[in-house]
Amino acid sequence: MSAKRQSHIAHTEPAPYETGYQLPANPSRLPRSFFTRNGITLAKDLLGKILVHETYLGTVRGIITEVESYMGETDKGSHTYGGKRTERTEPMYHIGGTSYVYLIYGMYSCMNIAAMTEGIPQAVLLRSVVPADVESEKRMILLRLEQLNRKQAKKNLPLYTPQNCPASVKKHLADGPGKLCIAMGITRADNDMDMVKSDSFYVTEGVDISPEKIMAGKRIGIDYAEEAADYLWRFYVPVSEVVWNGNIQFGE
């Protein structure tokens, strides 16, 4: 990372970052038993938990706000429907707590966490997170801008900086599975990792979400899945329930 980019992080006074609920000071990592449950139970309980990933910019922590359940070989929306066990889908068959990161459109990563026990291919797709702290938000913005600037450079257009960051990036920082992975620095290199044992990629306790706050809807982008496309297996909480005021200021 360049000295200029380091200065954006190192020389900025912490900005207020108010959360709707109190985050634990030293959140515990989630144990194996948390993940070895069915994909619907796991999905709902992941809401409010904190996804942690070590990047070259430092630690990024995101509060999980939207997920989808994929329930294995009988679920027409799942990659493993009909017993499709391939090199790509193998992590879904691994023990709960295993990461499953795959590419869509040949360019964007999607992040999943396997549920249940070995051989039962259920998983939870993480669709959205919000930054858990100011430093994470800064790093998420830098990671998003890095990806956008690759496109800008190909078009010989001016590069974005934190000071001229598009408003849409801050507003929609990690509110889609592809944007989530970019903002948290998650790539295919993070596929098939044991998130219970990993020191660089794991989930911790976060904010408590009351069951009545959890909303359900149809999963997105699986119109081909016949009746399974109508299952209400997407679960989410309004962003206002977990975080407000992510208004950070970068140094000059």
Distance from [X] atom [atom1] to [Y] atom [atom2], nearest 0.5 Å?
X	Y	atom1	atom2	answer
Lys197	Arg29	NZ	CZ	11.0 Å
Leu157	Lys151	CG	NZ	12.5 Å
Thr59	Glu54	OG1	CD	3.0 Å
Ser128	His172	OG	NE2	10.5 Å
Ser69	Arg219	OG	CZ	8.0 Å
Glu146	Leu142	CD	CG	8.5 Å

### Message
Has Thr65 got a side-chain atom pairing as donor or acceptor with Val130's backbone, closer than 3.5 angstrom?
### Response
no
### Task
Look only at the side chain of Gln122 and the backbone of Gly72, and say whether a donor-acceptor pair between them is shorter than 3.5 Å.
no
On a heavy-atom basis, which atom in [X] and which in [Y] lie closest, and how many Å separate them?
X	Y	value
Asp133	Arg61	OD2-NH1, 2.7 Å
Pro121	Glu73	CG-CG, 3.8 Å
Ala183	Val60	O-CG1, 4.0 Å
Gly62	Met184	N-CE, 3.8 Å
Ala174	Leu180	CB-CA, 3.9 Å
Met92	Thr80	SD-CG2, 3.8 Å

### Query
Are any of the side-chain nitrogens in Lys49 or Asp45 under 4.0 Å away from the carboxylate oxygens of its partner?
no
### Message
For Asn164, is the CG atom crowded, meaning more than 12 foreign heavy atoms sit under 6.0 Å from it?
### Response
yes
### Task
Take atom CD of Glu212 as the centre, draw a 6.0 Å sphere, and report whether it contains more than 12 heavy atoms from other residues, nucleotides or ligands.
yes
Is there a side-chain contact between [X] and [Y], using heavy atoms and a 4.5 Å cut-off?
X	Y	result
Leu46	Phe34	yes
Ile141	Lys170	yes
Glu87	Glu90	no
Met111	Ser99	yes
Trp233	Ile222	no
Met116	Leu42	no
Ile50	Ile63	yes
Val196	Ile95	no

If Ile, Leu, Val, Met, Phe, Trp and Tyr residues are connected whenever their side-chain heavy atoms lie under 4.5 Å apart, and connections chain through other members, are [X] and [Y] in the same group?
X	Y	answer
Leu173	Val52	yes
Ile113	Val67	yes
Met107	Ile186	no
Leu126	Val203	yes
Ile182	Val101	no

### Task
Mark yes or no: Arg85 above the aromatic ring of Tyr93, with NZ or CZ under 6.0 Å from the six-membered ring centre and no more than 45 degrees from the axis.
yes
### Message
Within 45 degrees of the ring normal and closer than 6.0 Å to the centroid, is that where the cationic atom of Arg144 sits relative to Tyr160?
### Response
no
### Task
Quick one: do Gln147 and Val169 satisfy side-chain contact (heavy atoms from CB on, under 4.5 Å)? Show the steps, please.
CA-CA 11 Å; Gln147 184 260 351; Val169 169; over 6 Å; no
### Message
By the ring pair (Phe, Tyr, Trp, His ring centres under 6.0 Å) test, which pairs, at least two apart or in different chains, include something from residues 193-214?
### Response
His53-Phe201
### Query
Could you walk me through whether Thr98 and Asp192 pass the side-chain contact (heavy atoms from CB on, under 4.5 Å) check?
CA-CA 6 Å; Thr98 300; Asp192 203 16; 3.3 Å; yes
### Query
Does a side chain donor of either Glu68 or Tyr231 reach within less than 3.5 Å of an acceptor in the other side chain?
no
### Task
Give a yes-or-no answer on whether the side chains of Thr187 and Ser109 include a donor-acceptor pair shorter than 3.5 Å.
no
### Task
Mind running salt bridge (charged side-chain N to carboxylate O under 4.0 Å, His left out) on Arg32 and Asp194 for me, showing each step along the way?
CA-CA 10 Å; Arg32 181 76 66 197; Asp194 188 339; 2.7 Å; yes
### Query
Going through the checks in order, is the side-chain contact (heavy atoms from CB on, under 4.5 Å) test met by Arg127 and Ile220?
CA-CA 10 Å; Arg127 288 196 56 85; Ile220 296 172; 3.5 Å; yes
### Task
Begin from the C-alpha positions of Leu143 and Tyr56 and carry the test side-chain contact (heavy atoms from CB on, under 4.5 Å) through to its verdict.
CA-CA 10 Å; Leu143 288 164; Tyr56 79 92; 4.1 Å; yes
### Message
Over 60° means perpendicular and under 30° means parallel, so tell me whether Tyr100 and Tyr102 are parallel, tilted or perpendicular.
### Response
tilted
